[in-house]
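Just so you know, these numbers come straight off a predicted model, no measurement behind them. In this chain, residues are counted from 1 in sequence order.
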Amino acid sequence: MAQSPSFEESAVCAALRERFGERFSTNAAIRDHHGRDESPFPAVPPEAVVFPESTEETAEVVRLCAAHRTPIVPFGTGTSLEGHVHAVRGGVCLDTSEMNRILSLNAEDQDCTVQAGVTRKRLNERVGQVGLFFPVDPGADASLGGMASTRASGTNAVRYGTMRENVLSLTCVLADGRIVRTGRRARKSSAGYDLTRLLIGSEGTLGVITELTLRLYGIPERIASAVCPFPSIRAAVDTVIELIQLGIPLARAELMDALSMKAVNAYSGLAYAEQPTLFFEFHGSAEGVDEQACTAEEIARLHEGGDFQWATKTEERNRLWEARHTAFLACLALRPGAKAITTDVCVPISRLTEVIEETRIDLEDSGLIAPILGHVGDGNFHSAILLDPDSEEEREKAHALNHRMVRRALAAEGTCTGEHGVGTGKMDFLEEEHGEALAMMRAIKQALDPMNIMNPGKMIRLPDPP
């Protein structure tokens, strides 16, 4: 029986190499780089990588791959956490990094249109020149296309929302190479199905996002940040819940437990109290921020919070938030050589304290190192469960902890993922969370991608096409 030709010998490989030249590669090192992200799962490289520079070139790649039923895996910056970029069925990785232009900036309307490979830091450097900013901040300098694909969130979500609330429209290449635009620049519309939000969070399984029109916001007149330690996680979380219930417009409300604070002190040479700690930020007018800050201090004192350490100058605020943004790396340093399973549940804030406390006890009983931190202002929290990558026993124990955490969140009417997405890591939980709605998702996927070539093996399990 004749053997099937290798990818190098295939017609799609020859066609892509002829069309894209040096922007197409089957080099092993490049493939390996594009087969890994920040997840703990082993790398799964694609068979080739292509670097298009526009929507039209992306459509060419997709049409060539579709003609040969070759899988397509979109790639932004590789900062995803659930195996989103792993080429589990081989195929071609479509790297969007060369699609890095800011196409338009409409300061009067407070919006902009960018290509998918533009990173959030680059966007903010540009729009900051006209007094605007883009608020979604997942920590990593992720690409905006990747952030939309995973419905990213971050520290500012309690006030400004997630990618879902901040994308006005998308340009996307569908599985057959058609180019669609999902909306216009108007701030609202009742015209037809909301395709923008269908594609946000679809993780490349319905199409490749190539352009985004985004909401922007005026840089606040005053920004004040603060750190406050608490005697317990309950006291810290209850402080945030009470502030939200009072209508205080928190811009950020981040929790780090005692172990997380120990980690960032050691990693960054800081001297914070090694207790459960809240990181706050307030945005607005000078008078408004002063009023919000005064109320926050009063409520914190009622819950036995310590003194607030304030930062209002940009450099001081950046140093303060550096501790939160480097927390993942700091936690990894608690156990050199370890890998981390990063959990990502989200619950109604009224259930947050009980879920975190039950989770903390479960983590402590496991014997594994597992700091807790999270965006408590919107009920989203994480644990970085550190494990020896060569220990099957620890891997099984860590996955069991994660599964119990998810089921605890689902029992509290929460979700298995608040911001990291499903990828390969959380597919098993979707049935439990969505029930019959999962069949509807499956039907949408099969209608838009009948050959299952768009990032297959992610989010929703499908039977192989005939």
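- Side-chain rings of Tyr217 and Tyr160 approach one another, their centers coming within less than 6.0 Å.
- Between the side chains of Arg17 and Ser25, not a single donor N or O lies within less than 3.5 Å of an accepting N or O.
- Between His375 and Phe279, a ring centre-to-centre spacing not shorter than 6.0 Å is recorded.
- A salt bridge links Asp111 to Arg185: one of the charged nitrogens lies within less than 4.0 Å of a carboxylate oxygen.
- Between Asn166 and Pro135 the shortest heavy-atom distance is OD1-CG, 4.2 Å.
- Looking only at atom types and distance, the side chain of Glu82 has no donor-acceptor partner in the side chain of Ser39 under 3.5 Å away.
- Glu53 pairs by the salt bridge (Lys or Arg N to Asp or Glu O under 4.0 Å) definition with Arg23, not counting sequence neighbours.
- In summary, the side chains of Asp95 and Ser97 do present a donor paired with an acceptor at a separation below 3.5 Å, with no hydrogens or angles considered.
- Between Arg461 and Asp428, at least one side-chain nitrogen of the basic residue sits less than 4.0 Å from a carboxylate oxygen of the acidic one, meeting the salt-bridge criterion.
- In this structure, a donor-acceptor pair under 3.5 Å is absent between the side chains of Thr205 and Asn455.
- With respect to Glu281 and Arg159, no salt bridge is recorded, no charged nitrogen being found less than 4.0 Å from a carboxylate O.
- A salt bridge links Arg324 to Glu254: at least one charged side-chain nitrogen sits closer than 4.0 Å to a carboxylate oxygen.
- For the residue pair Glu316 and Trp321, no side-chain donor N or O sits within less than 3.5 Å of a side-chain acceptor on the partner.
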Output, in order, the C-alpha distance, side-chain angles, deciding distance and verdict of salt bridge (charged side-chain N to carboxylate O under 4.0 Å, His left out) for Asp290 and Arg222. CA-CA 9 Å; Asp290 287 344; Arg222 187 173 183 193; 2.4 Å; yes

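- When atom types are taken as modelled, the side chain of Lys121 and the backbone of Asp141 share no donor-acceptor pair closer than 3.5 angstrom.
- Electrostatic pairing of Asp176 and Arg63 does not count as a salt bridge here, judged by no charged N lying under 4.0 Å from a carboxylate O.
- Looking at Thr162 and Glu419, their side chains never bring a donor and an acceptor atom within 3.5 Å of each other.
- Salt bridge Arg252/Asp137: present, at least one basic N to carboxylate O contact under 4.0 Å.
- In this view, Arg181 satisfies the salt bridge (Lys or Arg N to Asp or Glu O under 4.0 Å) rule with no residue, not counting sequence neighbours.
- No side-chain N or O of Thr295 forms a donor-acceptor pair with one of Glu298 less than 3.5 Å apart.
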